Amino acid sequence: MDYNFKEIEQRWQQYWRDNKVYSAKVDNSRPKYYVLDMFPYPSGAGLHVGHPLGYIASDIYARYKRQRGFNVLHPMGYDAYGLPAEQYAIQTGQHPEVTTKKNIARYREQLDKIGFCFDWDREVRTCDPEYYKWTQWAFLKMYGSYYNTAMDKACPIEELVAHFEKYGTTDCNAHTNSTDEFTADQWNAMTKVEKENTLMNYRIAYRGNTMVNWCPKLGTVLANDEVSEGVSLRGGYPVEQKLMSQWCLRVSAYAGRLLRGLETVDWTDSIKETQRNWIGYSEGAEMNFNIAGTDENILIFTTRADTIFGVTFMVLAPESIYVEKVVTDDQRAAVDAYLDEVKHKTERERLIEKKVSGVFSGSYAVNPVTGKEIPIYISDYVLAGYGTGAIMAVPAHDSRDYAFARHFDLPIIPLIEGADVSEESFDAKDGIMTNSSNDRLQLNGLQVKEAIARTKEYIAEAGIGRVKVNYRLRDAIFSRQRYWGEPFPIYYDEDNQPQPVSESELPLLLPEVDKFLPTETGEPPLGRAQNWVASNGRPLELCTMPGFAGSSAYYLRYMDPHNSEALVDKDVNAYWRQVDLYVGGTEHATGHLIYSRFWNKFLYDYGYVCEPEPYKKLVNQGMIQGRSNFVYRIKDTNKFVSYNLKKDYDTTPIHVDVNIVSNDALDIEKFKAWRPEFADAEFILENGKYICGWAIEKMSKSMFNVVNPDDIVDRYGADTLRLYEMFLGPVEASKPWDTNGIDGVNRFLKRLWGLFFDGDNLKLTDEKASAEALKSVHKLIKKVTADIEVFSYNTSVAAFMICINELSSMKCAAREVYDIIVRLLAPFAPFISEELWHVLGHEGTVCDAEWPVCNEEYLKESSVKYTVMIKGRPRFNIEVAAGTDAKEVERLALADPAAQKWLEGGTPKKVIVVPNKLVNIVI
RNA sequence: GCGCCUGUGGCGAAAUUGGUAGACGCGCUAGACUUAGGAUCUAGUAACGCAAGUUGUGUAGGUUCGAGUCCUAUCAGGCGCACCA
């Protein structure tokens with residue numbers, strides 16, 4: 001009986017499905033373990049061989065944990081809302097739901113073949129109303145909340161209203177982007193609309209006028225993490241800045257907690273660092289600069305308070321609210337011209353040009369420490385969105401201020417001893433202060449760090465500002481002018497004010513539309529829907545939510561996917577708690593992984609979930625690149641020359657489908673059939689073969705290097721695919737796919753099979769295993785157990801191969817040995833393990849087979865080999881009884897004739913004995 | 001510019017964390033078997049050298065009896081952030 005993987009895999013796949021082998025249930029008597037993969041967007045192209053890499057890695061871990069007695073939750077679902085299905089719908093008229101369903105079916109088929117232990121009863125789809133009901137529910141909760149900065153958590157907005165009614169904004173600890181202040185009387189005198197508008201400055205989900213990344217080609221706004229270098233990540237279309245009224249999430253209120261939370265999770269340093277960068281903590285001070293001749297102040301933020309004596313001018317962002325207050329009549333025309341110019345530049349142009357521009361406002365500000373008057377400029381090198389949108393410029397110690405000062409010929413005052421600012425600014429926070437003392441504040445002679453601290457103290461004492469922490473993280477823009485997304489549970493009342501749809505009306509279903517394009521009047525596609533009104537007849541919001549909405553809390557829904565009363569039941573959540581192991585790509589470092597943590601923390605604030613962080617450990621699988629093959633056509637002919645002969649000809653490399661190449665040798669017949677123009681191609685061969693060239697490139701259709709996992713499964717079986725993907729290298733590393741090496745692992749499985757069967761007969765016996773065989777297999781237990789814990793699967797697979805080779809050469813047929821091997825192999829190659837598990841006479845399924853324990857007794861050696869090093873090289877070996885002490889080993893080594901030959905009768909300078917390893921003799 | 005990561009055979013990669021560098025697999029070479037096949041098995045395979053030996057982990061130093069591993073500098077590649085005050 002040969003290893004018939006096709007038959008085995010089909011049979012067990014069916015069995016697992018029929019018997020719901022991988023279904024998980026809450027069981028308080030057993031410890032839980034939650035293994036999660038980032039769920040895929042079901043694209044039309046299907047899976048290629050790179051996609052399952054992470055799934056295989058997590059599947060191995062999930063199966064391993066189960067064998068170790070954990071109650072494992074390992075679900076899978078689909079991130080089903082997204083742009084590609086909608087773009088496809090626009091082109092073809094095909095409803096995105098139809099496309100999505102079709103793609104999901106295809107994904108499921110591909111995933112099933114690979115033998116994952118997903119609990120499919122828990123599948124979620126973000127576009128399913130039963131699912132997005134809870135996305136909408138969370139949005140309503142955020143709408144009904146504000147961020148209490150004293151308690152450092154979200155609280156009901158009603159509490160804020162009560163505070164306003166009693167005290168106005170006095171002692172109000174609420175996160176806001178508004179600087180407005182009002183008394184209780186003023187609040188109480190406000191109209192309903194005014195109150196609503198004011199509250200929008202506090203809600204966690206709010207409607208705000210913000211500068212957004214507008215992508216005209218896609219007809220929608222994009223989040224910061226969906227834009228890179230001025231173009232959209234999806235599609236690569238140009239993106240411009242535009243002031244728009246949009247739904248936003250007050251993610252910035254959580255910046256501090258998102259930052260601190262990173263210390264409590266087990267993620268790689270690089271991804272934590274990426275998040276830290278994105279959150280952008282900076283500690284500094286806010287200071288008020290009086291506008292000369294008025295009682296108005298300009299608030300600035302600086303991390304270099306110590307440089308206050310070197311401030312020679314101020315700069316406002318063009319969008320700054322202060323601009324209007326400082327423009328004088330004679331500068332009005334110049335300022336307007338500049339603002340106009342800036343507005344017409346896209347962010348991309350601004351970045352590319354990088355030339356100094358700006359305009360004088362006409363006004364002066366008073367330096368609060370020196371009392372000196374300094375000019376106020378307006379320039380786009382200051383960003384409205386960071387800090388206060390206004391800076392104090394210190395050209396001597398900031399390169400951007402320096403460039404500006406040079407351009408406008410403004411004074412440059414050095415403040416650090418020995419700093420040469422004739423050619424460039426001195427930006428380092430290092431040195432001794434100078435030129436920095438007056439009767440109010442003395443910094444001269446201090447180190448920069450001391451000066452910063454001293455200045456901060458002074459600012460507080462003198463009441464001209466305060467110590468302030470600033471974050472780069474901005475609020476998330478939550479509206480998309482698109483069809484294929486979650487509708488907002490929001491309608492607009494008679495005053496055109498947004499109002500929440502009642503929770504009892506959720507889910508608010510996505511309506512049908514005739515076309516998936518904006519309306520003639522430029523409204524989002526939902527504007528085409530008939531009867532798109534709330535139960536009270538008022539019009540509903542036309543935007544939909546962005547992609548990250550549905551993926552932010554999906555891991556919670558898996559815990560309790562069919563609950564119609566709650567996102568997740570409290571007791572159920574208290575059992576599964578959080579994801580213990582999360583596996584996915586690094587591309588979500590600043591998107592999904594931030595939003596999801598934010599969303600989780602918000603739910604945590606209300607006690608809906610019991611853990612402040614959603615993902616305890618994170619493993620980032622690497623990308624699998626493609627390995628392209630090339631043929632070389634001799635110019636102006638239809639003749640192709642083999643790789644190693646091409647240097648004699650003038651050739652053009654042409655991508656050739658990797659599926660008609662094997663070990664870099666071209667299948668000429670298939671090549672001729674591949675494309676009509678190659679039908680009568682001629683070849684110059686080497687050794688009777690046509691050898692192709694190769695290169696590592698991204699796996700993509702256009703490079704003809706896409707390898708489909710289905711093809712591999714058909715040819716070698718899922719177990720071989722799984723083992724090979726793991727054998728390629730560390731899970732975290734990016735590496736090229738090269739089908740060439742797959743024979744090696746396939747051979748391993750065949751050999752294993754061959755150890756069980758001799759023809760149709762079972763070869764195994766109940767004989768006692770030899771000490772040698774036991775040693776080999778217990779070494780394997782030790783190695784594989786240690787490797788799995790650190791995701792070093794490639795070395796595990798190697799260890800299996802070594803063990804099988806050893807058992808094979810010692811002709812071991814002892815059942816007890818193979819019983820252990822099957823248990824160990826089960827997470828890696830579940831199909832063949834399942835089959836062999838039953839061949840060994842076991843009942844049940846191998847995924848419940850107990851994980852074997854290494855018995856160190858078997859590994860003990862009676863004697864130990866020491867390598868003797870002389871002059872830094874291994875020279876000979878000695879063998880001594882196990883447990884011989886170091887002194888004795890040294891004596892034996894020196895007594896050896898070989899050592900004597902090197903020593904030539906002398907004595908060694910030094911002898912080092914490393915226990916059980918080596919003796920180093922220094923002469 | 002700031003921050004993080006990675007450099008080891010023809011290729012993918014190992015190295016018990018400071019102890020015989022290159023495990024394991026691919027490829028390659030030779031051989032065996034065979035109704036030539038993209039099957040199986042055996043042996044070899046870092047480089048130089050007939051050999052004893054010598055040299056080898058991007059480069060240059062350093063610490064150490066001993067460095068792929070630790071320290072300093074430097075080069076190359078990748079990733080993240082970026083007029084962030």
Side-chain angles (χ1 to χ4, degrees), chain A residues 228-229 268-282 284 300-305 307 315 317 350-351 353-354 356 379-383 385-394 397-401 403-404 427 470-474 586-587 589-590 627 662-665 667 694 696 715 723-724 727-730 732-748 750-751 754 782-783 786 792 794-802 805 865-869 871-875 877 908-923:
Chain A
S228 180
E229 295 182 358
T268 60
D269 288 338
S270 81
I271 206 137
K272 282 188 186 182
E273 198 56 32
T274 302
Q275 289 220 341
R276 284 193 197 104
N277 278 338
W278 190 259
I279 295 166
Y281 176 91
S282 81
I300 61 97
F301 174 76
T302 180
T303 54
R304 292 296 301 274
T307 59
V315 188
R350 251 164 87 158
L351 283 173
E353 277 186 21
K354 258 202 166 162
V356 179
S379 171
D380 65 0
Y381 85 86
V382 173
L383 305 176
Y386 185 78
T388 62
I391 62 155
M392 62 179 215
V394 186
H397 302 288
D398 182 287
S399 53
R400 296 151 300 174
D401 296 347
F404 194 85
D427 290 14
N470 231 317
Y471 295 98
R472 197 191 70 94
L473 185 70
R474 313 215 196 146
T586 46
E587 67 273 19
T590 54
R627 188 179 185 277
S662 180
N663 281 350
D664 290 334
D667 185 322
W694 60 274
I696 302 302
R715 217 160 117 193
L723 283 172
Y724 186 55
F727 187 63
L728 273 178
E732 301 90 338
S734 286
K735 58 237 159 202
W737 177 268
D738 182 359
T739 307
N740 289 338
I742 202 165
D743 289 324
V745 287
N746 189 240
R747 211 167 287 155
F748 155 70
K750 284 192 211 158
R751 282 177 148 205
K782 196 174 178 181
K783 177 79 177 146
S792 180
N794 54 336
T795 52
S796 290
V797 178
F800 276 112
M801 291 176 174
I802 294 169
N805 284 343
K865 256 190 198 154
Y866 278 85
T867 304
V868 181
M869 316 268 294
K871 286 174 87 175
R873 287 269 153 197
R875 301 298 171 180
N877 293 326
K909 254 190 215 152
K910 202 171 185 180
V911 179
I912 290 109
V913 178
V914 180
N916 301 323
K917 283 228 157 54
L918 55 83
V919 182
N920 193 358
I921 300 174
V922 186
I923 55 176

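Treat the numbers as computed from the prediction; the structure is a model and nothing was measured. Chain letters run A, B, ... following the sequence lines, proteins first, then strands; residues in each count from 1.
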Whether the side chain of [X] engages the backbone of [Y] through a donor-acceptor N/O pair (distance < 3.5 Å, no angle test) should be reported.
X	Y	result
D427(A)	S399(A)	yes
K272(A)	S270(A)	no
Q275(A)	T590(A)	no

- Message: A quick test of your reading: do over 12 heavy atoms of other residues, nucleotides or ligands sit less than 6.0 Å from NZ of K782(A)?
- Response: no
- Query: What does R276(A) touch in the nucleic acid at a heavy-atom separation under 4.0 angstrom: a base, only the sugar-phosphate, or nothing?
  - Reply: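 Here R276(A) touches no strand at all.
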- Reckon I802(A) touches a base, only the sugar-phosphate, or nothing at all at heavy-atom distances under 4.0 Å?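 Sugar-phosphate contact only - I802(A) comes under 4.0 Å of backbone atoms but never of a base.
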- Taking O4'-C1'-N9-C4 for purines and O4'-C1'-N1-C2 for pyrimidines, is G9(B) syn (within 90° of 0) or anti? syn
- Is U17(B) syn or is it anti, if syn means the base angle is within 90 degrees of 0?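 Base orientation relative to the sugar is syn.
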Using atom [atom1] in both nucleotides, what's the gap between [N] and [M] to the nearest angstrom?
N	M	atom1	result
A21(B)	G56(B)	C1'	9 Å
G25(B)	U42(B)	P	11 Å
A23(B)	C11(B)	P	15 Å
C26(B)	U74(B)	C1'	35 Å
A51(B)	U45(B)	P	13 Å
G68(B)	G9(B)	P	14 Å

Using whole Å, what does the distance between atom [atom2] of nucleotide [N] and atom [atom1] of [X] come to?
X	N	atom1	atom2	result
N746(A)	G38(B)	CG	P	16 Å
I271(A)	G78(B)	CD1	P	20 Å
H397(A)	G1(B)	NE2	P	21 Å
D427(A)	A82(B)	CG	P	19 Å
D380(A)	A82(B)	CG	P	17 Å
Y381(A)	A82(B)	OH	C1'	16 Å
W278(A)	A82(B)	CH2	C1'	11 Å
Q275(A)	C79(B)	CD	C1'	15 Å

- Message: Tell me the closest heavy-atom pair linking L728(A) and W737(A), and the distance in Å.
- Response: CD1-CE3, 3.6 Å
- Message: If you assign each of V922(A) and A798(A) to its closest nucleotide in RNA chain B, which residue comes earlier from the 5' end?
- Response: A798(A)
- Pairwise 5' ranking along RNA chain B for S282(A) and D667(A), keeping only the more 5' one: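 The residue closer to the strand's 5' end, by nearest nucleotide, is D667(A).
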With sequence neighbours left out, write down each residue that passes side chain to side chain donor-acceptor pair (under 3.5 Å) with [X], or none if nothing qualifies.
X	result
R875(A)	none
S379(A)	none
N794(A)	none
N277(A)	none

Enumerate all atom pairs, one protein N or O and one N or O from nucleotides 39-42 of chain B, separated by less than 3.5 Å.
from, atom 1, to, atom 2, distance (Å)
U40(B), OP1, R747(A), NE, 3.4
C41(B), OP1, R751(A), NE, 3.3

- Does the side chain of N794(A) get closer than 4.0 angstrom to OP1 or OP2 of C24(B) through an N or O atom?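 It does not, given that no N or O in the side chain of N794(A) lies less than 4.0 Å from OP1 or OP2 of C24(B).
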- Phosphate-side-chain proximity, Y724(A) and G25(B), N/O vs OP1/OP2 below 4.0 Å: no
- Task: Give the nucleotide from the list G80(B), A85(B), A82(B) with an atom nearest to the side chain of N277(A).
- Result: G80(B)
List the residues meeting side-chain contact (heavy atoms from CB on, under 4.5 Å) with [X], not counting sequence neighbours, and say none if there are none.
X	result
K910(A)	I912(A), V922(A)
R472(A)	W278(A), Y386(A)
T867(A)	M869(A), P874(A), N877(A), L918(A)

Protein N or O to nucleotides 5-12 of chain B N or O, pairs below 3.5 Å:
from, atom 1, to, atom 2, distance (Å)
G12(B), O2', L728(A), O, 2.4

- Those stems involving RNA chain B that have three or more consecutive Watson-Crick or G-U pairs, both distances under 3.5 Å, are B:1-7 with B:75-81, B:10-12 with B:24-26, B:27-32 with B:40-45, B:46-48 with B:53-55, B:58-62 with B:70-74
Between the protein and nucleotides 19-21 of chain B, which nitrogen or oxygen pairs come in under 3.5 angstrom?
from, atom 1, to, atom 2, distance (Å)
G19(B), N2, N920(A), ND2, 3.2

- Task: Only counting residues at least two apart or in another chain, list the ones meeting ring pair (Phe, Tyr, Trp, His ring centres under 6.0 Å) with F727(A).
- Result: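 If we apply the ring pair (Phe, Tyr, Trp, His ring centres under 6.0 Å) test to F727(A), skipping adjacent residues, there are no hits.
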- Should the ring pair F404(A) and Y381(A) be called parallel, tilted or perpendicular, given that the plane angle runs from 0 to 90° and is split at 30 and 60? tilted
- Would you call R627(A)-D664(A) a salt bridge at under 4.0 Å N-O?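 D664(A) and R627(A): salt-bridged.
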